[in-house]
Novice: 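Dropping the structure in here first, questions after.
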Amino acid sequence: GNKFLIGDAAGFTSGLSGEGIYFAIVSGREIAKKILDPRYKLPELKKILKIKKYHEKILKPLIFQILKSKKLTQFLLKRFV
């Protein structure tokens with residue numbers, strides 16, 4: 001259709017690094033190009049989606065290990081909650 005989400009609204013923030021500004025800028029620029037030319041293939045958007053997928057692949061085992069370790073979980077809860 002004619003509705004597009006970019007940046008944080010599109011879920012482009014990295015769960016691994018917490019970074020979102022670069023992804024927001026790239027996704028905004030890519031969507032603007034797509035609006036101007038519907039045939040535009042969004043190559044930069046595809047690159048950031050690949051990076052985000054890689055970050056999530058790294059993050060899942062880390063979260064699992066943190067939750068599996070009671071001492072580490074207790075430490076993190078005391079420190080950050």
Side-chain angles (χ1 to χ4, degrees):
N2 61 354
K3 295 176 180 79
F4 300 94
L5 295 176
I6 61 170
D8 292 351
F12 286 122
T13 304
S14 168
L16 183 63
S17 68
E19 183 178 323
I21 298 297
Y22 174 74
F23 290 166
I25 291 169
V26 170
S27 63
R29 187 174 53 224
E30 286 288 276
I31 295 304
K33 290 177 183 179
K34 181 72 171 176
I35 290 169
L36 294 173
D37 178 7
R39 294 173 292 152
Y40 183 67
K41 301 292 183 194
L42 305 164
E44 295 299 316
L45 190 64
K46 290 175 183 173
K47 284 181 187 176
I48 63 173
L49 284 171
K50 191 174 182 179
I51 292 168
K52 182 170 174 30
K53 191 173 185 176
Y54 178 72
H55 285 190
E56 290 171 353
K57 187 177 181 179
I58 292 171
L59 192 59
K60 282 182 184 179
L62 291 175
I63 290 173
F64 178 75
Q65 289 300 321
I66 289 170
L67 293 175
K68 196 170 118 176
S69 168
K70 289 183 181 180
K71 287 182 181 180
L72 184 55
T73 302
Q74 289 172 351
F75 170 78
L76 291 172
L77 286 172
K78 287 178 184 176
R79 184 89 169 153
F80 299 107
V81 177

Novice: Can you name the residues that form a side chain to side chain contact (heavy atoms under 4.5 Å, CB included) with L36, not counting sequence neighbours?
Specialist: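 Not a single residue meets the side chain to side chain contact (heavy atoms under 4.5 Å, CB included) criterion with L36.
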Novice: Please indicate whether L77 has more than 12 foreign heavy atoms, meaning atoms of other residues, nucleotides or ligands, lying under 6.0 Å from its CG.
Specialist: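 Count over threshold, so yes.
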Novice: For I58, enumerate each residue passing the side chain to side chain contact (heavy atoms under 4.5 Å, CB included) test, keeping only those at least two apart in sequence or located in another chain.
Specialist: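 Scan of I58 (side chain to side chain contact (heavy atoms under 4.5 Å, CB included), adjacent residues dropped) gives L16, Y54, L62.
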Novice: Over all heavy atoms of both residues, which pair between K57 and P61 is shortest? Give the atoms and the distance, please.
Specialist: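 Shortest heavy-atom separation between K57 and P61 comes out as O-CD, 3.1 Å.
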Novice: Can V26 be reached from F4 by stepping across I, L, V, M, F, W or Y side chains whose heavy atoms are under 4.5 Å apart?
Specialist: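 Yes, because F4 and V26 connect within a single hydrophobic cluster, where side-chain heavy atoms sit under 4.5 Å apart.
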Novice: Do you know which two heavy atoms are closest between S27 and G7, and how far apart they sit?
Specialist: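 Result for this residue pair: OG-N, 2.9 Å.
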Novice: Please tabulate, for the side chains in residues 42-52, all donor-acceptor contacts under 3.5 angstrom to protein atoms that are two or more places apart in sequence or on a different chain.
Specialist:
{"residue": "E44", "atom": "OE2", "partner": "K47", "partner atom": "NZ", "Å": "3.3"}
{"residue": "K46", "atom": "NZ", "partner": "K41", "partner atom": "O", "Å": "3.1"}
{"residue": "K52", "atom": "NZ", "partner": "G11", "partner atom": "O", "Å": "3.2"}
{"residue": "K52", "atom": "NZ", "partner": "T13", "partner atom": "O", "Å": "3.4"}
{"residue": "K52", "atom": "NZ", "partner": "E56", "partner atom": "OE2", "Å": "2.7"}

Novice: Any side-chain heavy atom of I6 sitting closer than 4.5 Å to one from F12?
Specialist: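 I6 vs F12: side chains apart.
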Novice: Taking atom OH of Y40 and atom NZ of K33, what is their separation to the nearest 0.5 Å?
Specialist: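 NZ of K33 is found 4.0 Å from OH of Y40.
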Novice: If you count the non-hydrogen atoms of other residues, nucleotides and ligands that lie under 6.0 Å from OH in Y22, is the total more than 12?
Specialist: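 Open: at most 12 neighbouring heavy atoms sit under 6.0 Å from OH of Y22.
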